[in-house]
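No hydrogens, no waters, no symmetry mates; every other heavy atom, side chains included, goes into these values. All values reported here derive from a predicted model rather than from experimental measurement.
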Amino acid sequence: MLGTLPNDHEATFVDLGCGKGRALAVASEFSFRAVMGIELNPDLVAVARRNARRVSAAQPTRPAIRIDEGDASAPALPEGDVVLFLYHPFGEPLIRRLTQHLVQSHAPGRVIHVIYENPVHGAVFDDHPAFRRIFAAMLSCTAEECRFAFDADEAIAIWRLDDDGDDAATRHPIVVTKPGYRAVIRD
């Protein structure tokens with residue numbers, strides 16, 4: 001999914017609700033300007049920081065991974081373009097809070113992409129006039145990923161917040177098959 005985004009070398013990757021930092025390690029394989037995670041749970045912050053140090057030691061040419069402890073629903077975003085990643089980190093009220101925060105903190109000329117894996121509350125982005133959905137699909141997990149995944153495939157949706165007035169991509173419906181837990185993309 002990260003390969004679908006243009007010019008990642010000019011954007012900062014931010015994982016909201018980064019947990020132990022697995023998505024951050026993957027993002028560091030790409031040419032992002034910076035890679036950071038935000039996590040509320042101090043125990044998970046400690047694990048994510050330890051994992052980030054391991055990635056940095058094993059792969060010193062990758063961007064350093066920074067982990068901040070804090071509220072991921074109203075993050076202090078870095079300057080410039082941003083790619084936000086969410087793996088169903090919280091419920092609908094906090095997703096609504098996040099969308100409002102992103103719109104209020106948006107600056108002219110800045111591009112914010114929101115990658116939402118398992119977009120149980122994706123309708124919040126779809127219904128907000130400032131966001132355009134540019135991608136939606138069910139992506140199969142690789143054999144290695146299946147060791148960590150609950151299911152053999154995952155719904156992925158990407159929205160863009162910017163000043164570009166292009167029409168949104170054809171919308172394949174996001175269907176919540178298990179309320180509060182699992183979303184799928186239908187053709």
Rounded distance (nearest 0.5 Å) linking atom CZ of Arg160 with atom CZ of Arg132:
6.0 Å

For the CG atom of Asn118 and the CD1 atom of Ile156, what is their distance to the nearest 0.5 Å?
8.5 Å

With side chains defined as the heavy atoms from C-beta onward, is the minimum distance between Leu102 and Val82 less than 4.5 Å?
no

For the residue pair Met138 and Ile185, what are the closest heavy atoms and their distance?
SD-N, 3.2 Å

Minimum-distance pair of heavy atoms, taken over all atoms of His101 and Ser73:
CB-O, 4.2 Å

Tell me whether Glu92 contacts the main-chain N or O of His121 through its side chain, where contact means a donor paired with an acceptor under 3.5 Å.
no

Looking at Arg66, I'd like to know if its CZ atom is crowded, meaning that more than 12 non-hydrogen atoms belonging to other residues, nucleotides or ligands lie closer than 6.0 Å.
no

Are any of the side-chain heavy atoms of Pro78 and Val14 separated by less than 4.5 Å?
yes

Keeping Asn51 on the side-chain end and Gly21 on the backbone end, is there a donor-acceptor pair under 3.5 Å?
no

His106 NE2 to Phe131 CZ distance, which is reported to the nearest 0.5 Å
8.5 Å

Can you name the closest pair of heavy atoms from Ala157 and Arg133 and give their distance?
CB-CD, 4.3 Å

Check whether Arg182 reaches the backbone of Val176 with its side chain - one donor and one acceptor, N or O, closer than 3.5 Å.
no

Spacing of CG belonging to Leu40 relative to CG belonging to Leu16, to within rounding of 0.5 Å
12.0 Å

Exercise: identify the closest heavy-atom pair between Val83 and Ala11
CG2-CB, 4.1 Å

With ring centroids as reference points, do His128 and Phe125 lie under 6.0 angstrom apart?
no

Any side-chain to backbone donor/acceptor pair from Tyr87 onto Pro119? Under 3.5 Å, distance only.
no

Going only through I, L, V, M, F, W and Y residues with side-chain contacts under 4.5 Å, is there a path from Val55 to Leu44?
no

Of all heavy-atom pairs between Arg33 and Glu79, which one has the smallest distance, and what is that distance?
NH2-O, 2.9 Å

Is any side-chain heavy atom of Asp15 closer than 4.5 Å to a side-chain heavy atom of Leu86?
no

Give a yes or no on whether Phe30 and Val35 share a hydrophobic cluster (residues Ile, Leu, Val, Met, Phe, Trp, Tyr; joining criterion: side-chain heavy atoms under 4.5 Å apart).
yes

Shared ILVMFWY cluster between Ile115 and Phe135, side chains joined below 4.5 angstrom?
yes

Between Arg97 and Asp71, is the salt bridge (Lys or Arg N to Asp or Glu O under 4.0 Å) condition met? List the steps.
CA-CA 11 Å; Arg97 178 179 174 190; Asp71 180 1; 3.1 Å; yes

Would you find a donor on one side and an acceptor on the other, under 3.5 Å apart, between the side chain of Arg110 and the backbone of Gly80?
yes

Smallest heavy-atom separation, Ile67 atom then Arg49 atom, equals O-NH2, 3.0 Å

Kindly compute the distance separating CZ (Phe32) from CZ (Phe13), expressed to the nearest 0.5 Å.
6.0 Å

Would you mind reporting whether Ile95 and Tyr116 have side-chain heavy atoms less than 4.5 Å apart?
yes

Do Asp81 side-chain atoms and Val111 backbone N/O form a donor-acceptor pair below 3.5 Å?
yes

Short question: side chain of Gln59, backbone of Thr61 - any donor-acceptor pair under 3.5 Å?
no

Report whether Val124 and Phe90 are members of the same hydrophobic cluster (ILVMFWY, side-chain heavy atoms less than 4.5 Å apart, transitive linking).
yes

Mind checking the OG1-CD spacing from Thr99 to Gln104? Nearest 0.5 Å is all I need.
9.5 Å

